[in-house]
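Residue numbering restarts at 1 for every chain, and letters A, B, ... go by the order of the sequence lines. Predicted, not measured: the structure shown is a model, and the values here were computed from it.
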Amino acid sequence: MLALIDCNNFFVSCERIFEPGLKHKPVVVLSNNDGCIISRSQEAKDLGIKMGEPLFKARPVIEQAGVRVFSSNFMLYGDMSRRVMQILKTFGAVEVYSIDEAFVDLTHVPAADLEKCAATIRETISQHLDLPVCVGIAPTKTLAKAANHLAKKNPVYNGVMLLDTPAKQAVARRHLAVENIWGVGRRYAAKLHQHQVYTVADLVDRSPGWVYKHLGGVVGVRLRQELLGQPCQELDFKEAPARKNISCTRSFSQYITTLRELQEAVATYTSRAAEKLRQQRSAAKGITVFIRTNKFSVQAPQYHQSATVTLPIASADSGELIRYALQALQQIYQQGYFYKKAGVILSEFMPEHQVQTNLFDTTDRDKSQKLMQALDKINAKMGTNEWAVNVVGYATAGLKKDWKMTVSHRSDRYTTHWPEILKVNI
DNA sequence: TCTGGGGTCCTAGGACCC
DNA sequence: TCTGGGGTCCTAGGACCC
């Protein structure tokens, strides 16, 4: 048996820890650039505010109902997430699945104690961190996700749902809509509905061949097996494997028209991506740069272009990667457009100590590595400024950064930045 | 006026190899 | 008329996740 623990309205719940007065009140957290709503308290959901809805569309409801609005504060959420995972590790081996959820191996727990174990997990996280979570327990990952979903939707279960017997699983399959299953998105849901498949029970009644044909091949067949209680996806306790792509993309707070400013943005994003690259001890051979106009604007002329440059020798040096990124940018930049977003994607990784150089390489790799180490060390020690921008960086990345994203309502980074630590007045 | 960011996996088809 | 068999690698596109 395994458990899937998922934090309720995670980002909103993190905000509530440090401002308990927000409990039972409608609260939302925004995406980068204060664009969309990406986390909602139950009260906000009850007001009809949708996931992913643009802030300006929800504005009327927000003002009328006095909804509290926060910019995202990922430093805080990331730190709270680490704490949740630490607690979970005391219950069994943990596979961290996302910032707010994890699978926990409960094979060592006797069947009779599973329910109690789940309740203890909830209580511990509530007591130590003041975060509400739901627990779903089942023999497969997909069923555990489903159990968690049921626990969340029906308060009568007290945040815990066990699908430990075939009988309970059969009942759950009849109550679960296919669109709520892990691995079934909007497209597949519509397709399944067209074929009169509405519940999970309907789905597993179809033959594996039918599922293969209509649900993305082997992925769908595995899904069906898992829903029947036969594991196809093992728990994975290994360290998160190195990423195969690393990207940094952002919308600008205002339109950009000049190459000079785009260069600043692209250089900034490249250094950020390169930093992540060095953290996982990789070097990249491919770098893609894209720029685009505002895709939502109906009148403005649209332009969306990307270019990929292959480095002769894989690199993790910010300065070198920036040079290639700017070269790619040069290829795609067109004057006369109002640019709204740009991004950098690093690809074709290899371990940094296995980089294949060539005979004609004149770069001082040793020096570059030392420089990067010093850069990362200083930035790690000195932290980032209020815009989460490194203290030491490249001049091409600019200083003013007029285009940087909007962050109007961010709470303090209570647990990671000394100047922002919570102050209590007695 | 205002619309996020960062990932993964799988398949099909083409090019190529022996 | 009949035209092998087995494989890899790459890319684009489509789906999904949080």
When rounded to the nearest Å, what value does the distance between C1' atoms of C:dC17 and B:dG4 take? 15 Å
Under 4.0 Å between any heavy atoms, over every strand shown, what does A:L215 touch: base, sugar-phosphate, or nothing? Just pick one. nothing
Answer yes or no: is there an ion pair linking A:K145 with A:E101, defined by an N-O contact shorter than 4.0 Å? yes
Rounded to the nearest angstrom, tell me the gap between atom CZ in A:F296 and atom P in B:dG4. 5 Å
Classify A:Y255 by what it touches in the nucleic acid, base, sugar-phosphate, or nothing, heavy-atom distance under 4.0 Å. sugar-phosphate
Protein-nucleotide distance (A:L55, atom CG; B:dG5, atom C1'), rounded to Å: 17 Å
Counting just side-chain N and O atoms, does A:N245 come under 4.0 Å of either OP1 or OP2 of B:dT8? yes
If we ignore angles and hydrogens, is there a donor and acceptor under 3.5 Å between the side chains of A:Y337 and A:Q305? no
Considering only heavy side-chain atoms of A:E101, the closest of B:dG4, C:dC18, B:dG6 is C:dC18
Taking the basic N atoms (NZ, or NE/NH1/NH2) and the acidic carboxylate oxygens, is any pair closer than 4.0 Å for A:R272 and A:E275? yes
Could you check how far CG of A:L223 sits from P of B:dC10, rounded to whole Å? 13 Å
Hey, does the side chain of A:R250 come within less than 4.0 Å of B:dG6's phosphate (OP1/OP2), counting only N and O? yes
How would you label the contact of A:N33 with the nucleic acid (heavy atoms, under 4.0 Å): base, sugar-phosphate, or nothing? nothing
Roughly, in whole Å, what's the span from CD in A:Q233 to P in B:dC9? 11 Å
Would you check if the side chain of A:R59 reaches a backbone N or O of A:P54 as a donor-acceptor pair within less than 3.5 Å? no
Respond yes when some side-chain nitrogen or oxygen of A:R222 is under 4.0 Å from OP1 or OP2 of B:dC9, and no when none is. no
Please determine whether a side-chain nitrogen or oxygen atom of A:K341 lies at a distance below 4.0 Å from atom OP1 or OP2 of B:dG5. yes
Between C:dC16 and A:K191, is there an OP1 or OP2 to side-chain N/O distance shorter than 4.0 Å? no
Taking any heavy-atom pair under 4.0 Å as a contact, classify A:D100: base, sugar-phosphate, or nothing. sugar-phosphate
CD1 of A:I99 versus P of C:dC17: gap in Å, rounded? 18 Å
Rounded interatomic separation in angstrom, taking CZ from A:F252 and P from B:dT3: 12 Å
Quick one: label A:I246 by what it contacts on the DNA or RNA (base, sugar-phosphate, nothing), any heavy atom closer than 4.0 Å. sugar-phosphate
Presence of A:T249 side-chain N/O under 4.0 Å of B:dG4 phosphate oxygens OP1/OP2: no
Atom NZ of A:K168 with >12 non-hydrogen neighbours under 6.0 angstrom: yes
A:Y188 OH to C:dG14 C1': how many Å, rounded? 7 Å
Between A:V219 and A:R243, which residue's closest nucleotide on DNA chain B lies nearer the 5′ terminus? A:R243
Using purine N1 to pyrimidine N3 plus N6-O4 or O6-N4 for Watson-Crick, or N1-O2 and O6-N3 for G-U wobble, each under 3.5 Å, what pairs with B:dG14? C:dC9
Starting from C1' on B:dG4, measure out to CZ on A:F290 and report it in whole angstrom. 11 Å
A:I38 side chain: which of B:dG6, C:dC18, B:dG4 is closest? B:dG4
For a quick check of understanding: with a heavy-atom distance under 4.0 Å over all strands, which category does A:K244 fall into, base, sugar-phosphate or nothing? sugar-phosphate
OP1, OP2 of B:dT3 versus side-chain N and O of A:K340: anything below 4.0 Å? yes
Upstream residue (5' side of DNA chain B) when A:K57 and A:V218 are each assigned their closest nucleotide: A:K57
Identify the heavy atoms of A:E43 and A:H24 that sit nearest to each other, and give their distance. OE2-CA, 3.4 Å
Looking at every strand, decide which applies to A:E53 at a 4.0 Å heavy-atom threshold: base, sugar-phosphate, or nothing. nothing
Which one, B:dG7, B:dC2, C:dC17, comes nearest to the side chain of A:W182? C:dC17
Do you see a donor-acceptor pair shorter than 3.5 Å between the side chains of A:N9 and A:S39? no
Looking at A:S251, I'd like to know whether one of its side-chain N or O atoms comes within less than 4.0 Å of OP1 or OP2 on B:dG5. yes
